[in-house]
Participant: 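Handing you a structure now.
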Amino acid sequence: MQIWSWHGFFTYLGSPYIFCGALITVYMTAVSMMMGFLLGLLIAVTKRSQRRLLSWPARFYVWFFRGTPLLVQLVVIYAGLPKLDIRLSVMACSIIGLTLNEAAYLAEIIRAGLNAVPTGQIAAARALGLSERQIAWRIAFPQAFRLIIPPLGNSVNGLLKTTSVTSVISMEELMQRSQILVQDQFMVLELFSVAALYYLLMTTAWDFLQRRIEHYAERPYRRQQKSVSVEATKLSVATQDAR
Amino acid sequence: MITLDNVTKSYGAFQVLKGCSAEIGRGEVVVVCGPSGSGKSTLIKCINALETFEGGQIWVDGLAVRSAQTDHSALRAKAGMVFQSFELFSHLSILDNIMLAPHLVQKRVKDEIREHAKTLLRRVGLERHADKYPIALSGGQQQRAAIARALAMKPDVMLFDEPTSALDPEMVQEVLQVMMELACEGMTMMCVTHEMGFARQVATRILFVDAGEIVDDCPAADFFAGRCSVRAQAFLRFEADHPG
Ligand SMILES: Nc1ncnc2c1ncn2[C@@H]1O[C@H](COP(=O)(O)OP(=O)(O)OP(=O)(O)O)[C@@H](O)[C@H]1O
Ligand SMILES: [Mg+2]
């Protein structure tokens, strides 16, 4: 057996089977991330609540899902739900597992973001008569979101690779498909290199997307703004000072 | 307009407000002064329910502040508030800062709010900065924008908590100027400040607070002529020696 087969490498790189595996990975990441974010937001808000009845279940949730391996959670969902007569596809089980697990981590990230929103602005919003709900949606969430983009980016990046854990419940994503093909011709190195390349491609695409999102969210916080030039600003300050 | 009736408040064992009573009529400009930590901020924040209090009652235009029936939104719409550190919403443009509450709380029509906001911005000299974000403005400009934001709710009374304390000296005047114009137009104002010059010029009454009590409540003229408590006289001498 030769050490490295370029032919094998490029064959697998061009393989629609592997390519679709990568698409499935992207799909699982996107769906779990979005649902996990919404669930995480809910958990973060309830965990911050003054009322024990709300905060305690949220604390329990985070404690439980961060304290047990994702692998175990997936197997329990996959093997446990049918016993309750709930029959779901492997994909559904995978996404449920990933979502529940990710939500626990995202909740902590979101909570950190909410804690970092200046309390003075919250007080100002209250003084203007905004309801707590309006303050959350109009002031706290938008500002917290900007603050947590970097850690959220970490999460997306991590999740892209963590999806491979779902192979234990036979989810045919990128990693599982690579392993299936290994059985075929035993080109482990070539196959796993192709998989690594795909993961790199996906994380790089995400890096790019994250930069765009960050750029957008940072807009209000850049000192140079809009079409108003520095000269014009100086001029207006000067005229005001003359008033 | 505002009635304070024996207001008391404690943080644990520490009593911040020890039975404060006062009456502020429509169109009055009341300056609240006193040493640091005496409870001035706490007192003014009790008026729009940003702080809770345990004893006594406050009425704002007939609305009881410490009451389960009172709608805090309605109360706060009556009393505009300006903070020491401006507290503009940093993710919104100046115009959006001003338009947010009239839209969300008072449900006024967008076009009308925008016109009103632009008028207010002109009034505080910021019409050219409507589309900027707070970070691009100087402290004085931010505070003027914050005043415009409070005025956009068409409040019956304006509360100021040391509006110029966080400003560089050269910006203090531009903010005081706006406040003076407001006072001249007949706005009811309650203002915590160390700017004795401002107090001398526009205040109709002075409340001198020390250690959680309103020690003096007298016309500004009397206060500055020395017809006030010994504690207030000592405070005035101190302020004269340490301006700003
Ligand atoms: N959350 C709090 N917990 C405990 N004590 C507090 C709290 N907030 C304020 N205090 C205390 O209450 C007292 C009054 O505070 P307040 O901010 O009203 O003073 P102030 O007169 O506005 O002072 P300054 O001129 O420095 O702004 C202070 O002694 C302060 O230490
Ligand atoms: Mg204060």
Side-chain angles (χ1 to χ4, degrees), chain A residues 50 110 113-149 213-243, chain B residues 45 48-51 71-93 96-98 100-106 124-138 140-141 144 146 149-150 152-153 155 159 161 170-171 173-174 177-178:
Chain A
Q50 305 285 336
I110 294 168
L114 290 173
N115 287 345
V117 175
T119 49
Q121 291 185 34
I122 304 293
R126 248 177 228 139
L128 284 165
L130 270 68
S131 67
E132 294 304 310
R133 179 181 302 237
Q134 289 169 332
I135 292 172
W137 285 102
R138 299 305 189 112
I139 313 294
F141 293 168
Q143 292 201 23
F145 183 70
R146 169 205 166 228
L147 296 169
I148 63 175
I149 295 172
I213 298 173
E214 231 168 276
H215 184 82
Y216 176 78
E218 286 298 322
R219 216 172 17 121
Y221 299 87
R222 277 189 286 275
R223 278 200 156 264
Q224 291 284 325
Q225 284 176 7
K226 299 261 156 110
S227 54
V228 186
S229 70
V230 180
E231 287 315 305
T233 317
K234 273 186 192 149
L235 196 71
S236 74
V237 169
T239 46
Q240 262 144 26
D241 287 347
R243 257 165 32 110
Chain B
K45 282 177 185 157
N48 64 354
L50 281 188
E51 291 276 6
D71 172 14
H72 279 175
S73 266
L75 167 72
R76 287 162 179 168
K78 283 180 189 291
M81 180 138 195
V82 175
F83 299 83
Q84 182 172 349
S85 39
F86 334 133
E87 312 299 357
L88 291 173
F89 306 129
S90 49
H91 63 303
L92 299 177
S93 72
D96 288 339
N97 259 277
I98 297 174
L100 185 73
H103 173 59
L104 291 180
V105 180
Q106 298 177 321
V124 298
L126 291 175
E127 63 272 33
R128 309 191 36 177
H129 302 283
D131 294 326
K132 286 195 190 169
Y133 289 93
I135 196 172
L137 267 57
S138 71
Q141 291 170 331
R144 284 183 278 146
R149 178 176 69 178
M153 296 292 282
L159 309 172
D161 189 5
E170 66 266 30
M171 295 172 188
Q173 279 314 313
E174 66 189 49
Q177 183 65 38
V178 167

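Just so we're on the same page: letters track the sequence lines, and every chain starts at 1. In what follows, every heavy atom counts, from backbone to side chain, and hydrogens, waters and symmetry copies are set aside.
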Participant: Would you check if the side chain of H91(B) reaches a backbone N or O of R138(A) as a donor-acceptor pair within less than 3.5 Å?
Facilitator: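 Checked: pair present.
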
Participant: Which one, L137(B), L88(B), L159(B), N48(B), leads in non-hydrogen pairs under 4.5 Å with chain A?
Facilitator: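 That would be L88(B).
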
Participant: What's the shortest heavy-atom distance between Y221(A) and I135(B), and which atoms?
Facilitator: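 Closest pair (atom of Y221(A), atom of I135(B), distance): O-CD1, 3.6 Å.
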
Participant: How close do A124(A) and F83(B) get, counting heavy atoms only, and between which atoms?
Facilitator: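 For A124(A) and F83(B), the tightest heavy-atom pair comes out as CA-CE1, 3.6 Å.
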
Participant: How many angstroms lie between atom CG of L128(A) and atom CE of M153(B), to the nearest 0.5 angstrom?
Facilitator: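 CE of M153(B) is found 6.0 Å from CG of L128(A).
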
Participant: Quick one: list whatever passes side chain to side chain contact (heavy atoms under 4.5 Å, CB included) with E214(A), sequence neighbours left out.
Facilitator: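 With sequence neighbours excluded, E214(A) shows a side chain to side chain contact (heavy atoms under 4.5 Å, CB included) to I149(A), P150(A), Q210(A), given in chain and number order.
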
Participant: Looking at L104(B) and Q134(A), what are the two nearest heavy atoms and their distance?
Facilitator: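 Taking every non-hydrogen atom into account, O-NE2, 3.2 Å.
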
Participant: In terms of heavy-atom proximity below 4.5 Å to chain A, should F89(B) be classed as side chain, backbone, both, or neither?
Facilitator: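 Contact with chain A is through both the backbone and side chain of F89(B).
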
Participant: With a 4.5 Å heavy-atom cut-off, do L130(A) and V105(B) have their side chains touching?
Facilitator: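 Heavy-atom side-chain distance check passes, below 4.5 Å.
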
Participant: What side-chain hydrogen bond (donor to acceptor under 3.5 Å, both in side chains) pairs are there with at least one residue in residues 114-124 of chain A, not counting sequence neighbours?
Facilitator: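 As it turns out, the side-chain hydrogen bond (donor to acceptor under 3.5 Å, both in side chains) pairs with a partner in residues 114-124 of chain A, which skip direct neighbours, are R48(A)-N115(A), Q121(A)-Q143(A), Q121(A)-S90(B).
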
Participant: Name the region of A125(A), side chain, backbone, both or neither, that has any atom closer than 4.5 Å to a heavy atom of chain B.
Facilitator: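 A125(A) touches chain B through backbone and side-chain heavy atoms alike.
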
Participant: Select one option (side chain, backbone, both, neither) describing which atoms of A79(B) are under 4.5 Å from chain A's heavy atoms.
Facilitator: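 Only the backbone of A79(B) comes within 4.5 Å of chain A.
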
Participant: Below 4.5 Å, heavy atoms only, C-beta onward: do R222(A) and Y133(B) meet side chain to side chain?
Facilitator: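 The answer is no, as the side chains (C-beta and beyond) never meet within the 4.5 Å cut-off.
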
Participant: If we define contacts as heavy-atom pairs under 4.5 Å, which of P142(A), P118(A), G120(A), A123(A) has the most with chain B?
Facilitator: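 Greatest number of close heavy-atom pairs with chain B: G120(A).
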
